[in-house]
Amino acid sequence: MDYIARLLLPPQESTFAHEVDALFHFVNITSLIYFAIKYRRRSDEDTTPLITHNNTLEVTWTVIPLILIMIVFAWGFSSYNTLRAVPDDAYEVYVRAYSFNWEFTYPNGVRSTNDLYVPANKPVKLIMQSSDVIHSFFVPDFRIKQDVVPNRYTQQWFQTKGPGSHIIFCTEYCGVGHSDMMGMVYALDEEEFNAWLEEEASKDIDSMPLAEVGQLVWRSEGCMGCHSVDGATGIGPTFQGLWMRERNFIDGTTGVADEGYIRESILQPGAKVNVGYQNIMPTYSGILSDRQIEGVIEYIKELSE
Ligand code: CUA
C-alpha cells in the first residue's frame, strides 16, 4: 500500500501530508470498488433492464452515498482545520509574489528571492500577498496550495519532518513566465538556519566589489526569473556574453549593449526592446540605487569575459 501510494504521489514531507493522502486514497479506493461492482459486465448479452420505480433501490442509493459523503466531509473538515489553524509559536515569513518571482522577507529584515529558508521541524507561517496578478503558492511535498492575491494577505503554514529541499510551483496561470515561476524550500537545522540568517544580514553592499553587488541584485531583486547568467534562453536576454553585443530593436533601430544601454534597460525597459522579446519588464526606477545599477553593469561585464 505504502509503495503504491509513493508511486502516485510526491513524498510526504510535512507533518500533515499523510492526513491529506489518507483521505485522497479513501475517496479513490471506495469509488473504485463501487464502480467495479456496479458496472461490471455480467454476460455477453448484458442489457439495461427497464425499471420505472423501486423504493428499496432508491433508499439504498441515497443512504449509502450519504454515509460515505458524511465520512469524507467529517474527515476533510478535520484536515482543513489542521491546515487553517496556525500554531501560535510559528516562525513567520512574509511572501511577496510578482511576475515571475517569489520574494521572502524574514523577521530580521533579510530577504531572499525564490529560495525560501526555514527552520526544520518547526511550524512556519507564510503571510502572502501579490504585487500584480493572482499567483498560487504550491509545495507538492507538503500538500499545501494557497492563492496569493493583490491587496490582501493570505496565510498558509507547514511543518517539515526534517531537513531537506522541496520545490515550489506557481499554480495559477499568471502570464508568459508562469511555468518558470518556481522556487525551492530549504529546511535547515536550527543552528544552520540561524547561521544563514546572520550571514545574510551581515552582507553590506557598500563594502563589496561592484560585480558582487550586481550578482546580489540579480539574485535578490528578481532579475534571475527572466535573465539567465549561463547563456540559457529565458523570458529576457541572458546576461552571459551580453556586454558590447549588437542589439536589434523591434522598432527597427540597432544599438550596442554598453553602460548607457544597460542603465536605460533597467530604468526604462520599454525604451529599447530587443527583437524576439516582449515589452514586459517592470521598471526598476526608484528601486535600485546607482551603486546597484553599476553593480549590474559590472556583473554583466564579468559574465562576458
Ligand atoms: Cu505566478 Cu503563475
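Heavy-atom basis, side chains included; hydrogens, waters and symmetry copies ignored. In each ligand, atom 1 is the first atom listed, and ligand 1 is the first ligand listed.
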| said: Side-chain heavy atoms under 4.5 Å apart, restricted to Ile/Leu/Val/Met/Phe/Trp/Tyr: what other residues fall into the cluster of Tyr80, or is it alone? | reply: none

| request: Tell me yes or no: between the side chains of Ser136 and Asp147, is some donor less than 3.5 Å from an acceptor? | output: yes

| task | Give a yes or no on whether the backbone of Ser228 and the side-chain of Thr238 come within a donor-acceptor separation of less than 3.5 Å. | result | yes

| field | atom 1 (Cu) of ligand 1: protein N, O or S atoms that are less than 2.8 Å away, sorted by chain | value | His135 ND1, Cys170 SG, Cys174 SG, Met181 SD

| note | Applying salt bridge (charged side-chain N to carboxylate O under 4.0 Å, His left out) to Glu212 and not counting sequence neighbours gives none

| request: Hey, could you give me the CD/CD distance between Gln12 and Glu19, rounded to the nearest 0.5 Å? | output: 11.0 Å

| query | Got a sec, which residues hit ring pair (Phe, Tyr, Trp, His ring centres under 6.0 Å) with Phe142, two or more places apart in sequence or on another chain? | reply | Phe158, His166

